Protein chains: 2
Amino acid sequence: MKYSNQTRILVAVDCIIFGFDGTDYKLLLIQRGFAPEKEKWSLMGGFLAPDESLDEAAIRILNQLTGLHDVYMEQMQVFSKPDRDPVERTIAVAYVALIDIQKYMQQLNDSFHAKWFTIQNLPKMIFDHEEMVEMAKTRLRYKAAMHPILFELLPDKFTLPHLQAMYESLYDTKIDKRNFTRKVLSTNLLIKEDEKDKTNSKKGAFFYRLDKDKYEEEFQNVQNFIPRIEIPSSSE
Amino acid sequence: MKYSNQTRILVAVDCIIFGFDGTDYKLLLIQRGFAPEKEKWSLMGGFLAPDESLDEAAIRILNQLTGLHDVYMEQMQVFSKPDRDPVERTIAVAYVALIDIQKYMQQLNDSFHAKWFTIQNLPKMIFDHEEMVEMAKTRLRYKAAMHPILFELLPDKFTLPHLQAMYESLYDTKIDKRNFTRKVLSTNLLIKEDEKDKTNSKKGAFFYRLDKDKYEEEFQNVQNFIPRIEIPSSSE
DNA sequence: GCAAAAGTGTTCCCCATACACCCATGT
DNA sequence: ACATGGGTGTATGGGGAACACTTTTGC
């Protein structure tokens with residue numbers, strides 16, 4: 001039995017994939033090799049299959065491109081303007097993924113002609129993908145101000161200056177390192193390693209790693225990572 | 001031209017409609033008069049039409065039931081388990097609406113057999129609608145702790161005790177009225193009227209109304225309406 | 001020995017909380 | 001006059017922000 005007289009619609013999933021390279025936020029895009037909008041860049045996307053949920057579809061699509069599993073990903077919003085895809089009426093469910101660029105580098109699937117773009121310098125994209133990215137940036141800023149979500153972008157071992165640079169770059173602000181250190185360590189989410197990272201200084205900065213259990217346990221707690229910032233608007 | 005070899009899917013819109021009657025939070029449900037799941041209650045829903053966006057569909061569907069325009073409504077999340085609707089594969093985009101019960105009372109469309117339920121005492125619902133409602137409650141608590149969203153549930157004129165009761169009920173807590181008053185008034189979102197509401201006391205409580213312009217301007221600012229509350233988890 | 005980044009403590013101020021009494025009015 | 005809910009001020013403490021010098025080590 002079916003519902004009669006109703007329109008069935010194509011459902012796409014598009015993944016907005018963020019990374020951080022130590023200095024800048026990056027977005028992973030693929031070059032579209034076919035019409036329409038050949039030459040323009042595109043989010044990694046695909047269509048919802050009959051036997052999978054949207055979350056499963058998003059995981060599948062992300063994995064096709066990056067080879068990664070166990071990536072932080074969440075549903076953002078559906079884009080549904082009737083004419084957003086000129087080929088056919090399609091609605092697109094946008095997912096946001098945060099990945100550690102290092103891991104991706106190792107597992108890249110090159111057949112998609114993917115490329116990282118710094119988010120201040122994005123190319124023309126197809127359809128409404130630019131709008132999706134704008135919303136994702138806004139939400140990331142909104143959410144990261146209150147939840148320790150940016151850890152998803154970090155490698156397993158990272159330094160406090162590295163972490164601080166992520167916040168400073170995301171909010172385009174300078175943060176006092178003493179206050180930042182105190183605030184971050186007071187969450188007890190970080191575990192100090194003995195090892196140091198000497199790539200950025202002669203003295204070297206201690207590595208930390210995330211206390212995974214505590215992180216998951218306390219993820220929802222509202223933190224206050226960013227001082228005095230006008231937290232950007234969000235439709236959430 | 002069309003995309004070939006892809007599955008088209010039915011797209012539903014379901015509206016989670018909250019109200020507040022001065023004491024309790026309410027949810028507006030309709031009784032399903034047809035199989036499957038006859039007798040159970042349901043969110044107000046409908047299917048996405050070919051020429052409308054999801055936002056438009058949600059507004060249309062809400063209007064059919066309540067007759068209301070200009071209602072606060074936002075997209076929550078898509079529910080997409082392959083077997084969520086036994087009739088046919090359907091994905092459902094859940095929208096959350098906040099309405100002033102008084103206004104609704106005047107404009108109710110009775111042909112849907114709609115009824116308000118207090119949210120502590122909800123009936124069995126069809127499909128995954130209970131899950132949708134749970135998520136909506138969680139998000140409302142999450143968002144209302146930081147944004148002045150609950151004003152959407154209030155009539156044009158309301159009193160401070162009325163407003164306080166909304167917060168106390170939502171978070172199941174007692175709030176000190178002096179601190180609450182100070183905090184709320186410090187937002188400058190409220191305009192005091194000369195008139196008093198005498199329905200709840202002999203002395204009467206002053207009416208306030210919302211400064212609409214300021215409200216829209218500052219909606220995104222992160223406030224801090226709820227003291228010492230464990231803000232409930234949210235997938236946002 | 002010097003340049004360049006990492007690490008570390010203290011003071012102050014503001015804001016959030018806790019707390020109790022008087023006011024207005026209908027009965 | 002009294003009961004009921006409405007309205008108001010103050011004192012205290014904690015946490016966020018501002019702020020500068022020492023340490024390490026590769027060159």
Side-chain angles (χ1 to χ4, degrees), chain A residues 22-23 144-146 148 154 157-169 171 173-209 218 221-231, chain B residues 22-23 144-146 148 154 157-169 171 173-209 218 221-231:
Chain A
T23 309
M146 294 181 286
L154 290 166
K157 294 181 179 184
F158 53 88
T159 65
L160 290 180
H162 186 182
L163 182 61
Q164 182 172 344
M166 285 179 67
Y167 280 94
E168 290 184 339
S169 174
Y171 297 99
T173 186
K174 273 283 168 196
I175 304 176
D176 181 273
K177 65 180 166 180
R178 287 163 292 189
N179 293 336
F180 182 80
T181 303
R182 191 176 331 109
K183 198 177 284 189
V184 168
L185 292 181
S186 75
T187 65
N188 280 100
L189 289 171
L190 300 191
I191 301 168
K192 193 175 190 171
E193 304 278 283
D194 294 330
E195 200 186 344
K196 279 186 163 186
D197 171 22
K198 297 211 170 184
T199 55
N200 291 309
S201 74
K202 340 248 169 172
K203 183 178 179 183
F206 282 105
F207 278 117
Y208 286 79
R209 61 188 171 82
E218 300 191 7
N221 291 5
V222 173
Q223 310 276 352
N224 180 18
F225 291 113
I226 299 302
R228 290 177 158 247
I229 289 287
E230 295 280 319
I231 293 171
Chain B
T23 308
M146 294 180 287
L154 289 166
K157 294 181 179 182
F158 53 88
T159 65
L160 290 180
H162 187 181
L163 182 62
Q164 184 172 342
M166 286 180 65
Y167 281 93
E168 291 184 339
S169 174
Y171 297 98
T173 186
K174 273 284 165 194
I175 305 176
D176 182 275
K177 64 181 167 179
R178 287 162 294 191
N179 293 337
F180 182 79
T181 303
R182 191 176 329 109
K183 200 178 281 188
V184 168
L185 292 181
S186 75
T187 65
N188 281 100
L189 289 172
L190 300 191
I191 300 169
K192 194 175 191 172
E193 303 280 282
D194 294 330
E195 199 185 343
K196 279 184 163 187
D197 171 20
K198 298 211 169 182
T199 55
N200 291 310
S201 74
K202 340 248 169 173
K203 182 176 179 181
F206 281 105
F207 278 116
Y208 287 79
R209 62 189 170 82
E218 300 191 7
N221 291 6
V222 173
Q223 311 277 350
N224 179 16
F225 291 113
I226 300 302
R228 293 176 155 248
I229 288 288
E230 295 280 320
I231 293 171

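Not measured: the values here are computed from a predicted model. Each chain gets a letter, A, B and so on, in the order its sequence line appears, and its residues count up from 1.
When rounded to the nearest whole Å, the span between CZ of A:Arg178 and P of D:dA17 equals 14 Å. Look at CG on B:Asn200: it is 14 Å from P on C:dT27, rounded to the nearest Å. Here D:dG7 presents its P atom at 14 Å from NE2 of B:His162, a figure rounded to the nearest Å. Per the geometry, OH belonging to A:Tyr167 stands 14 Å off P belonging to D:dA17, to the nearest Å. The distance from atom CD of A:Glu168 to atom C1' of C:dA5 is 13 Å, rounded to the nearest whole Å. Taking atom CG of B:Leu185 as the reference point, atom P of D:dG9 lies 12 Å away to the nearest angstrom. One interatomic measurement links the two molecules: CG of B:Asn179 to C1' of D:dG13, which rounds to 14 Å at whole-angstrom precision. Atom pair B:Phe180:CZ and D:dG6:P shows a separation of 13 Å (rounding to whole Å applied).
One distance of note links CZ of B:Arg209 with CD of B:Glu193; it measures 5.0 Å at 0.5 Å rounding. Taken to the nearest 0.5 Å, the NZ atom of B:Lys177 stands 11.0 Å off from the CG atom of B:Leu160. Rounded to the nearest 0.5 Å, atoms CZ (A:Phe206) and CD (A:Glu195) are 10.5 Å apart.
A:Lys177 contributes a side-chain N or O that forms a donor-acceptor pair with the base of C:dG7 under 3.5 Å. Residue B:Arg182 places a side-chain atom within donor-acceptor reach of the base of D:dG9, judged by atom type and a 3.5 Å distance cut-off alone. Checked by distance alone, B:Lys203 brings no side-chain donor or acceptor within 3.5 Å of a matching partner on the base of C:dA24.
Checked against side-chain hydrogen bond (donor to acceptor under 3.5 Å, both in side chains), B:Gln223 has no partners two or more places apart in sequence or in another chain.
At a threshold of 4.0 angstrom between heavy atoms, the contacts of A:Asp176 include nucleobase atoms, whether or not backbone atoms are also involved.
Between B:Thr159 and A:Ser201, the one whose closest nucleotide on DNA chain D sits nearer the 5' end is B:Thr159.
The B:Phe206 side chain lies nearest to D:dG7 when the options are D:dG7, C:dG26, C:dA6. Of the candidates D:dG6, C:dG7, D:dT25, the closest approach to any side-chain atom of B:Ala205 belongs to D:dG6. With distances taken from any side-chain atom of A:Lys202 to the nucleotides C:dT17, D:dG26, D:dG6, the minimum falls on D:dG26.
Counting heavy atoms from C-beta outward, B:Leu190 and B:Phe158 have side chains that approach closer than 4.5 Å.
For D:dA17, the OP1/OP2 oxygens have a side-chain nitrogen or oxygen of A:Lys183 closer than 4.0 Å.
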